[in-house]
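Just below is one structure, and these are the notes that go with it.
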Amino acid sequence: MLTLSKAKIEPFAVILHYTNKTIDDMLKLPIYLDNNATTPMDPRVLEAMTPYFLQHFGNAASRNHPFGWEAEEAVDYAREQVAKLIGADPKEIIFTSGATEADNLGIKGVYEMYASKGNHIITATTEHKAVLDTCKHIEKTGGEVTYLKVKPDGLIDLQELEAAIKPTTILIAIMYANNEIGTVMPIKEISAIARKHGVLVFTDATQAVGKIPVDVNKDGIDLMAFTAHKMYGPKGVGALYVRRKNPRVKVTAQMDGGGHERGMRSGTLNVPGIVGFGKACEICMLDMEADNKRIAVLRDKLETELMKLEEAYINGSTEHRLPHVTNISFKHVEGEGLLMGFNKNIALSSGSACTSASLEPSYVLKALGLGDDLAHSSLRFGLSRFTTEEQIDYTIKAVSETVLKLREMSPLWEMYKEGIDLSTIEWAAH
Amino acid sequence: MAYSDKVIDHYQNPKNVGTLDKSSKNVGTGLVGAPECGDVMRLQIEVDDATGMITDAKFKTFGCGSAIASSSLATEWLKGKSVDEALKVDNMDFVEELNLPPVKIHCSVLAEDAIKAAINDYRVKTVWKPLNLKKA
């Protein structure tokens, strides 16, 4: 794992040495298992990016001197690397500031471009806020949006999807893989239905690209948002894939200016970021299979051991799921309280929203049909290519011990153990 | 969001976790909150009938670190107080002692409610009249 060539990279040797050490140093705390939020950058990505800050700092749009040419060349190369990972043509890649911008550009861009065809969009209740809030914005401007419910396993019902299509439907926006539970949607089947009805397919593939094989042609995707920082690349750079053939898709620009990115996204290109994005894609393409085999073994170990605790439930499909994710509810223990037991040493997130003003737990878990109590009791584990078995062993122990300790402290656990049906109690809401 | 040292200390070393015999005549039990809201506190007091003093207090809480700390602190405060003194404990006392941030104020309110509910349960069991608990 992570063999660094001792190439001529002296200025960065210190950084690389340090990074390499932390990865090899097996149980350095804190442990990072919140990789659905962001991933650490791969040192190889940093190595590729570095020359583009100080040496090759040119503007990729400067046509008349070597600084511009170098930058443009680097962007072109990165565009090929990105396109290759998803089976696209480089001309179909529009660089953005990240997946949120790509979601906005893809959905609003289609909505505006195809206004004469219709105003109806179909999406799902478990989408990321970047998609849901974009759809809400569209509703305010006169568009119509159908929010499909999901089944208890987190997948949409394909018959419901087809039934929701109307003559005015212009876009189906369904995520490739869910950020909270890792559920992978049947994108190929979705796009087959869409194609039959002449509707475009947009997918937010932020959690999927670089993690599992995604091919825009095999999957029948017309537009796709994804980002570098979820796949060991830098933050602040993402892309929108826009199909050019069968059919040729167009989007209305959401950012006006110098006409960069074929007029679809103006703004000076983030050259170092794009170079890093390209490198991250290339590494994912090469390492994905081997990485996934190893990561899935670790995830399964984590899951199997934690499921030995009483009243633990896996949220979402275990069959159609990303290999590095598991989301588990530990009944009668509150998620934020649980995190506090080890969050100095293990970075995780919870579906509990005890910190938010609304006190509403995860809308994704609720959409699966989970009661609020189980949604409050969930932890999300996201592994990465840098996760080690020692880290997983430590996590299993720390999480199990904290669950047991908090259950000893939980009145709900005591009642459950006494055989009291908690649903029969009249709780005083507050 | 970082927790205060006092919250962390109560969370790591909670005081008076446990259960008193709720059928006992001199034990008052308060169960407040709801699983759907992510907080349930159960606070119990044992009262010396002759003196009206709280001789023991126990809690069990389902909730975040602030909720656990608030209920742990409540049991510490209640022991040795008279029932009348205990009624004067205000939610802001918890906020100040534990440095609770605004999003955690509801934990302090819950702790105050739990104290009042426990006292009320005790009063109902004895000849005293129940309190009129309208403050939420």
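Just so we're on the same page: letters track the sequence lines, and every chain starts at 1.
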Given A:L412, A:D373, A:I425, the one with more heavy-atom pairs under 4.5 angstrom with chain B than any other is A:L412

Examine whether an atom of A:L339 lies under 4.5 Å from a heavy atom of chain B, and if so say whether it belongs to the side chain, the backbone or both; otherwise answer neither.
neither

Looking only at heavy atoms and a cut-off of under 4.5 Å, which of B:T19, B:V7, B:I8 has the most pairs with chain A?
B:T19

With a 4.5 angstrom heavy-atom cut-off, could you sort out which part of A:T402 is near chain B: side chain, backbone, both or neither?
side chain

Salt bridge between A:K308 and A:E305, side-chain N to carboxylate O under 4.0 Å?
yes

Below 4.0 angstrom, N of the basic side chain to O of the carboxylate: do A:E401 and A:K405 qualify?
no

Basic-acidic side-chain contact under 4.0 Å: A:R407, A:E414
no

Strictly below 4.0 Å, N to O, side chains only: are A:E160 and A:K151 in salt-bridge contact?
no

Side chain to side chain, A:F381 and A:R299, heavy atoms closer than 4.5 Å:
no

Heavy-atom cut-off 4.5 Å, strictly under: side chain, backbone, both or neither for B:P14 against chain A?
side chain

